[in-house]
Amino acid sequence: MHNHTLTELSALLRSRQISSVELTEHFLRRSEKYNANLNCYITLTADMALAQARSADAALRQGGAGPLTGIPIAHKDIFCTDGIRTSCGSRMLDNFIAPYDATVVARLQQAGMVLLGKTNMDEYAMGSSNENSYYGPVRNPWDQQRVPGGSSGGSAAAVAARLTPIATGTDTGGSIRQPAAMCGITGLKPTYGRVSRYGMIAFASSLDQGGPLARTAADAAMLLTAVAGFDPRDSTSADQAGEDYSAALTRDISGLRIGIPKQYFDANLAAEIKEIITTAVRQLERAGARVSEISLPNTHLSVPVYYVIAPAECSSNLARYDGVRFGYRCDQPQDLADLYCRSRSEGFGREVKRRIMTGTYVLSAGYYDAYYLKAQRLRRLIRDDFHTAFSNVDVIIGPTSPTTAFRLGEKVDDPISMYLNDIYTVSINLAGLPAISIPVGFVNGLPVGMQITGNYFSESRLLNVAHQYQQMTDWHKRMPAGFN
Ligand code: GLN
């Protein structure tokens with residue numbers, strides 16, 4: 001039952017061959033069983049899930065159900081869920097029960113989906129390995145000594161191990177695509193503003209974007225169709241209707257113009273990964289795509305620019321956690337300054353503090369121009385590189401990550417090497433573009449992801465290309481051993 005895609009599950013539910021309660025019980029059993037090793041859930045919501053499954057079954061019986069009705073899902077613990085703990089992977093919010101649903105959560109609930117639980121993540125979505133969680137690291141189902149990627153590592157591991165048919169994630173600098181790549185699944189980061197950020201706990205507001213972590217592009221399309229579209233409660237939500245993202249999946253890709261950025265294939269990229277990406281591109285070429293080399297000359301600036309802008313925005317966003325209104329409060333504060341200081345030093349973890357300090361520094365008088373303003377100017381140049389490229393090509397293809405999943409502990413003490421892991425993903429967020437990562441092969445038993453980037457609001461196109469690739473290959477069907 002756990003190997004079916006969303007489309008298959010939808011058909012089985014509608015023809016009453018399975019019930020949502022059966023399906024939900026099955027995934028809850030698997031989640032409980034394997035979570036002990038993988039640690040991909042922070043909270044399982046079994047009772048609520050079964051109640052939702054029963055109402056989904058009633059809707060299915062009455063014939064008023066949509067395509068997602070009765071299908072289980074897990075949400076990254078960054079999305080507020082009414083009445084359920086929403087921790088954001090932090091001690092700061094360990095006791096926080098959200099008083100309302102994020103728009104993403106509300107829309108999927110309206111679509112009849114069943115919430116299995118909240119997935120583990122790097123604290124406040126800061127990280128590339130899921131080792132920064134207050135709840136401990138997540139393990140990669142392909143090799144439990146290795147990281148699943150981050151920050152949506154819990155969602156990625158849960159989908160890869162078939163503990164849920166699909167999950168949500170958020171991507172500020174790669175946190176949907178990089179864990180998708182490292183866990184061998186499909187992850188889509190939509191155009192900035194395409195999916196509402198209302199109720200999605202803020203990390204860096206000009207970069208954050210929610211999206212699906214799925215097994216296939218077709219599944220991701222179904223989910224995006226349900227969540228995309230204008231939301232009056234998010235002032236940066238794009239004032240543009242969503243689309244039926246499943247409609248264009250089967251479109252022929254002949255004539256598709258693919259650009260290969262020469263800067264993505266330099267010495268930083270492992271040779272085996274390079275070869276796998278080249279083979280995958282050739283496959284698309286055989287299906288009629290035309291390939292040309294392009295240049296994104298400011299690629300090397302994207303990591304430094306991102307690690308100025310994201311911390312700057314985070315230091316401002318995280319100022320709200322003061323121990324007064326909600327979240328962690330230290331014991332017996334002496335006075336107000338002590339309350340702020342100890343609540344924050346005890347409530348936040350090391351990486352979050354590092355970012356707050358960096359962010360406060362680059363925004364401070366005297367350094368603002370040298371760092372923050374400079375970074376904003378470079379951000380524009382990075383965006384312009386893509387703008388120029390998209391006048392000649394439809395999509396840009398490269399690796400999602402320079403390496404496959406690394407060992408737990410391997411990079412925790414070396415933030416620079418951890419940050420460099422984001423080299424191919426962060427520029428997409430700086431430019432606000434959509435990109436998808438799909439599995440395209442393995443190196444020593446570890447999955448490799450390929451990133452397909454498109455122009456603004458070209459999600460349909462990206463899903464179409466990814467789907468066509470998945471029709472020709474079966475990498476996305478591979479399953480990690482031990483989770484049958
Ligand atoms: N790895 C990046 C960071 O640590 C991106 C995180 C994200 O996309 N949320 O900031």
Distance-only donor-acceptor check, side chains Tyr41 and Ser31, under 3.5 Å: yes
Atom pair OG1/CG of Thr69 and Leu9 - distance to nearest 0.5 Å: 12.5 Å
Donor-acceptor contact below 3.5 Å, side chain Arg91 vs main chain Glu346: yes
Point-to-point distance, once rounded to the nearest 0.5 Å, from CG of Leu318 to OG of Ser90: 8.0 Å
Chi angles and distances behind the side-chain hydrogen bond (donor to acceptor under 3.5 Å, both in side chains) call for Ser401, Asn421: CA-CA 6 Å; Ser401 173; Asn421 208 269; 3.3 Å; yes
Pair Asp94 + Arg85, salt bridge at N-O below 4.0 Å: yes
Closest non-hydrogen atom pair between Gly150 and Pro179, with its separation: O-CD, 3.4 Å
Donor-acceptor pair, side chain of Asp322 and main chain of Tyr340, under 3.5 angstrom: no
Pair Arg329-Asn95, side-chain donor/acceptor within less than 3.5 Å: no
Side-chain (Asn140) to main-chain (Gln145) donor-acceptor, under 3.5 angstrom: no
Minimum side-chain heavy-atom gap Thr216-Leu6 below 4.5 Å: no
Between Asn3 and Arg162, a side-chain donor and acceptor under 3.5 Å: yes
Centroid-centroid under 6.0 Å between Trp475 and Tyr469 rings: no
Atom pair CG/CZ of Leu38 and Phe483 - distance to nearest 0.5 Å: 4.0 Å
Pairwise side-chain contact, Ser343 with Cys330, heavy-atom cut-off 4.5 Å (strictly under): yes
Between Gln209 and Arg194: side-chain donor-acceptor atoms closer than 3.5 Å: no
Side-chain H-bond candidate by donor/acceptor type, Ser460 with Glu243, under 3.5 Å: yes
Note, Met126 side chain near Cys314 side chain (heavy atom, < 4.5 Å): yes
Approximate separation, where rounding is to 0.5 Å, of Leu12 CG and His4 NE2: 5.0 Å
Donor-acceptor under 3.5 Å (Ser437 side chain, Gly449 main chain): no
Nearest atoms (heavy-atom pairs only) where Thr404 meets Ile273: N-CD1, 3.9 Å
Leu363 and Ser315, any side-chain heavy atoms less than 4.5 Å apart: yes
Flag, side chain of Glu123 to backbone of Glu351, donor-acceptor distance under 3.5 Å: no
Test item: Asn429 side-chain N/O and Asp171 main-chain N/O as donor-acceptor pair under 3.5 Å: yes
Exercise: identify the closest heavy-atom pair between Val308 and Ala375: CG1-CB, 3.7 Å
Heavy-atom pair with the smallest gap, counting every atom of Pro447 and Cys183: CG-C, 3.7 Å
Donor-acceptor pair between Ser302 and Arg379 side chains, under 3.5 angstrom: no
Test item: side-chain donor near acceptor, Asp422 and Ser128, under 3.5 Å: yes
Check: Ser345 main-chain N/O paired with Lys353 side-chain donor or acceptor under 3.5 Å: yes
Audit row: Ser152, Gln178, side-chain hydrogen bond (donor to acceptor under 3.5 Å, both in side chains) steps and yes/no: CA-CA 9 Å; Ser152 314; Gln178 185 252 21; over 6 Å; no
Gln144 CD to Leu408 CG distance, which is reported to the nearest 0.5 Å: 10.0 Å
Minimum side-chain heavy-atom gap Leu430-Val305 below 4.5 Å: yes
Lys/Arg N to Asp/Glu carboxylate O, Asp57 vs Arg61, below 4.0 Å: no
Check: Asp122 main-chain N/O paired with Ser151 side-chain donor or acceptor under 3.5 Å: no
Whether His2 and His26 hold their rings parallel, tilted or perpendicular, with breakpoints at 30° and 60°: parallel
Side chains of Phe27 and Pro165 in contact at under 4.5 Å (non-hydrogen atoms): yes
For Ile185 against Pro439, the heavy-atom pair lying closest together: O-CD, 3.4 Å
From CG (Leu163) to SG (Cys40), nearest 0.5 Å: 5.0 Å
Pair Lys76, Ser155: side-chain N/O donor-acceptor within cut-off below 3.5 Å: no
Lys/Arg N to Asp/Glu carboxylate O, Asp338 vs Arg342, below 4.0 Å: yes
Between Asp231 and Ser196, a side-chain donor and acceptor under 3.5 Å: yes
Donor-acceptor pairs under 3.5 Å, side chain of residues 111-118 to any protein atom, not counting sequence neighbours: which ones?
unit_1	atom_1	unit_2	atom_2	d
Lys118	NZ	Asp77	OD1	2.8
Lys118	NZ	Phe79	O	2.9
Lys118	NZ	Thr81	OG1	2.8
Lys118	NZ	Thr86	OG1	3.2

salt_bridge(Arg146, Asp143) N-O dist < 4.0 Å: yes
Distance-minimising heavy-atom pair for Asn130 and Pro148: CB-CG, 4.0 Å
Check: Thr168 and Leu213 side chains under 4.5 Å, non-hydrogen atoms: no
Proximity of Tyr124 and Phe203 rings by center, below 6.0 Å: no
Short side-chain donor-acceptor distance under 3.5 Å, Ser206 and Glu313: yes
Check: Tyr424/Gln451 side-chain N/O donor and acceptor closer than 3.5 Å: no
Heavy-atom check, side chain of Tyr419 versus side chain of Val426, under 4.5 Å: no
Pair Asp208-Thr170, side-chain donor/acceptor within less than 3.5 Å: no
Arg197 versus Ser237, side-chain donor and acceptor atoms under 3.5 Å: no
Parallel, tilted or perpendicular: ring planes of Tyr100 versus Tyr198, cut at 30 and 60 degrees: tilted
